[in-house]
Structure formats: C-alpha cells, structure tokens
Protein chains: 2
Amino acid sequence: MLRLTKKADYGLMALKYLAEQSPAPVPASAKDIADAYHIPPQLLAKILQTLAKAGLLVSHAGTNGGYALARSAAEISAFEVIRAIDGPLFITSCITIHGTCDLAGHCTIKEPLRKVNDSIKDLLSAIRIADLAEAPDTEHYAASVGGGLISIAV
Amino acid sequence: MLRLTKKADYGLMALKYLAEQSPAPVPASAKDIADAYHIPPQLLAKILQTLAKAGLLVSHAGTNGGYALARSAAEISAFEVIRAIDGPLFITSCITIHGTCDLAGHCTIKEPLRKVNDSIKDLLSAIRIADLAEAPDTEHYAASVGGGLISIAV
DNA sequence: ACTATCTAAGACCGTTTCGGTCGGAATTCC
DNA sequence: GGAATTCCGACCGAAACGGTCTTAGATAGT
C-alpha cells in the first residue's frame with residue numbers, strides 16, 4: 001500500500017539520469033534513458049512528455065533531439081516529479097481536491113490524516129533530484145540533506 | 001496517488017468509534033459502526049475481521065457480540081491499522097518484500113526513497129487511535145502529540 | 001527537398017487492484 | 001431452537017495501472 005506508481009519510479013530514474021549528464025552538450029533521448037535502465041521505451045517516452053508538459057524538462061524534437069532538465073537538479077524536488085506523474089497527493093480518500101469529505105460530517109478522521117499528508121509532502125519536497133544522483137551510500141546522503149534530521153510539524 | 005485505500009479509512013474510523021465507546025459495557029457490532037458512519041456493512045464486517053485477526057481487535061460472536069479494542073486506544077498506532085488492512089508499506093516498487101529490486105543494479109533511486117519510506121512509517125506510527133478520537137480542532141490535537149513537532153531521521 | 005531521427009498525442013488493451021456484494025457455516029445468548 | 005452476530009470464501013463490476021501501437025509533427029543533416 002501507499003506505493004507510488006512505477007511511472008513515478010521511472011520518472012525519478014530518468015531525472016536522475018539527466019542530472020548526472022548535465023551539463024549535457026546534447027539532450028538525451030527517451031530511448032537513451034530507457035536503454036540505460038531497461039525501461040519500456042514507449043512508456044518512458046510518455047512519462048517524459050508529461051514531465052516536459054509540467055515544466056520540469058525541456059524537450060527538443062527532431063534529430064539529435066531529446067530532453068534536458070529545465071532547472072538545476074538541486075531545484076527539482078521528488079515531490080514535483082511524483083505530483084506531475086501521479087497527480088495530487090492525497091493520503092486519504094476523504095481529502096479531495098475541493099478539500100471536502102464525501103463522508104462530510106461523520107468523518108473526524110480527516111484532520112489528523114491531513115497533517116500526515118502534509119508531512120509526507122514536506123518529506124518528498126525535501127528530496128531533490130541532486131540527492132538522487134551521486135548518492136551511493138547512506139551517510140553521505142544524510143549529511144548532505146542537513147545534519148540527517150529534518151523537523152516536521154504535526 | 002500515494003493514497004491509502006478506503007478500507008484503511010474505514011478501519012481507522014471504526015477504531016476511532018470503538019475508542020470513543022471504551023470502556024464499553026457491551027462490544028459494538030459491525031452493523032452499529034457501519035450505521036454510525038454510513039459504511040457498507042458487509043464491507044466493514046470484513047475489515048473488522050482482518051483487524052481482529054491482526055490482533056488489534058477482540059471479537060465476540062453470538063447475540064450481543066461484536067468487537068472491542070484489544071489494547072488501549074493510546075497503544076494502537078495508525079500504522080498498525082493500515083498495515084493490517086492494506087499490507088506492508090512500500091513507497092516504491094523497488095522495495096519488495098525480499099528487499100531486492102527487480103531492476104537490481106541499475107536502480108540507485110532505491111536508497112533515498114527507502115528513507116522516505118521509513119519516515120512515513122514513523123510518521124504513521126506516531127499517530128495513535130487515541131489521537132483520532134476526541135480530536136475536534138487542530139491546536140488541541142497538535143499539542144497532545146507533544147509540542148507539535150516530531151523529528152524524523154532522514 | 002528528402003530522409004532519418006525524435007518528440008507529441010491519443011487510442012487501445014490485458015491484468016491487477018479496489019470497492020462492494022452474496023451466501024453459507026459456526027458461535028453464542030436467550 | 002431461534003435470533004443475532006462473527007467467520008470465511010467466492011464472486012463481480014469498475015477503475016487504475018502498465019504497456020503497446022499508430023499517427024502526426026518538428027528538426028537536423030545531406
């Protein structure tokens with residue numbers, strides 16, 4: 001449960017790939033990335049398209065075309081990627097886009113879970129693509145985030 | 001995305017109901033709870049069964065039977081409930097039960113996301129059924145959790 | 001201008017999961 | 001014995017997910 005889709009996984013992997021390539025003299029094609037990670041090429045192609053449409057990637061059609069990061073890898077959060085691919089983050093069915101609960105009235109579960117929701121969002125927002133790339137071992141990664149601890153309001 | 005199932009929602013609501021009833025002179029039947037929250041009775045019945053099988057509830061069959069919390073509401077975490085209903089918590093498809101990634105080798109996304117995974121787990125573990133019950137407004141709830149801040153290792 | 005390469009976009013499809021229902025058996029109380 | 005209630009598995013429709021296919025449009029090199 002609570003698992004993000006394979007598409008989001010692929011998207012993050014693709015962004016990581018692009019982050020490691022930058023600054024890229026030539027953009028990477030969907031096929032390049034798909035080959036590198038053994039991802040179904042056509043599927044990745046669609047993912048990259050939505051990522052481009054979301055403004056996280058810049059695309060270039062035609063020969064020698066491909067994709068490149070729209071911003072620096074340090075300025076793109078995992079949350080943005082996941083949101084762009086999988087849609088808005090709602091941990092519970094109660095929290096809809098309108099903020100209303102279809103079980104309105106008889107659902108007091110909503111408020112506490114909304115906080116969990118926000119916390120997860122903060123958690124994912126703190127992870128940046130730059131953290132994914134070149135993050136081989138645990139200690140170095142934790143240190144790079146800021147002391148290994150982040151505080152989350154509950 | 002990243003949303004927990006309606007079953008888990010229902011389960012949490014049911015636990016909250018039971019928490020508010022305790023100490024209960026008589027256990028609450030599945031139908032009682034279903035009526036209170038307008039949940040499909042047969043569906044809730046199955047949810048309560050799995051919750052009982054997981055040891056979170058004690059059940060009593062027969063006339064005037066029903067369910068009651070197996071422990072105090074303060075000793076049951078939202079994480080346990082969700083895990084019992086929706087199964088183990090894996091934010092990414094990479095993290096399987098065996099801890100192995102089917103994209104083994106060419107998937108460096110895994111490690112950072114595992115930490116997010118653990119953090120969410122900690123987050124949900126910190127929420128207890130007692131927090132859901134009698135938690136009408138935000139301020140009181142936040143204060144009751146312990147200063148409104150919890151720290152999570154990244 | 002032609003062609004190879006590449007993105008853009010949408011239809012389509014098989015499988016799985018989810019939400020929910022049904023029916024029957026076992027248990028307990030009156 | 002009968003009513004209430006848990007227990008358990010089978011079943012079903014709808015939606016989501018993962019993936020493919022096809023077609024069209026943009027670009028660079030020759």
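Residue numbering restarts at 1 for every chain, and letters A, B, ... go by the order of the sequence lines. Only this structure's heavy atoms are used, side chains among them; waters, hydrogens and symmetry mates stay out.
- Counting heavy atoms from C-beta on, the side chains of B/Ser119 and A/Leu123 come closer than 4.5 Å.
- For the pair A/Asp35 and A/Lys31, the salt-bridge criterion is met [side-chain N within less than 4.0 Å of a carboxylate O].
- For B/Lys7 and C/dT21, the NZ to P distance is 12 Å, given to the nearest whole Å.
- Under 3.5 Å, the side chains of B/Lys16 and B/Tyr37 contain a donor-acceptor pair of N or O atoms.
- In this structure, OH of B/Tyr37 is placed 19 Å from P of C/dG19, rounded to the nearest angstrom.
- A side-chain donor-acceptor contact under 3.5 Å links A/Asp86 to the backbone of A/Thr5.
- An OP1 or OP2 oxygen of C/dG19 is reached within less than 4.0 angstrom by no side-chain nitrogen or oxygen of B/Tyr10.
- Here B/Ser29 does not reach the OP1 or OP2 of D/dA4: none of its side-chain N or O atoms lies under 4.0 Å away.
- The side-chain heavy atoms of A/Ile85 and A/Leu12, taken from C-beta on, include no pair separated by under 4.5 Å.
- Following rounding to the nearest Å, A/Asp86 (CG) and D/dA16 (P) show an atom-to-atom distance of 13 Å.
- Within residues 62-72 of chain B, the residues having any heavy atom under 4.0 Å from DNA chain D are, by residue number, B/Gly62, B/Thr63, B/Asn64, B/Gly65, B/Gly66, B/Tyr67.
- Between B/Lys7 and B/Leu43, some side-chain heavy-atom pair lies under the 4.5 Å cut-off.
- For the pair B/Leu51 CG and D/dC7 C1', the computed distance is 15 Å after rounding to whole Å.
- Looking at heavy-atom distances under 4.0 Å, A/Ala52 makes no contact with the nucleic acid at all.
- Within the 3.5 Å criterion, the main-chain N or O of B/Ser77 finds a donor-acceptor partner in the side chain of B/Glu80.
- In this structure, a donor-acceptor pair under 3.5 Å is present between the side chains of A/Asp32 and A/Ser29.
- At least one side-chain heavy atom of B/Arg71 sits under 4.5 Å from a side-chain heavy atom of B/Leu56.
- Both A/Ala61 and A/Pro41 lie close to DNA chain D; mapped to their nearest nucleotides by heavy-atom distance, the more 5′-ward contact belongs to A/Pro41.
- Look at B/His60 and you won't find any side-chain N or O under 4.0 angstrom from OP1 or OP2 of D/dA4.
- Contacts with DNA chain D (heavy atom under 4.0 Å) in residues 43-50 of chain A: A/Leu43, A/Lys46, listed by number.
- Between B/Ser59 and D/dC7, a side-chain N or O to OP1/OP2 separation shorter than 4.0 Å is present.
- For B/Gln42, counting side-chain heavy atoms from C-beta on, the closest listed nucleotide (D/dC7, D/dG18, C/dC22) is C/dC22.
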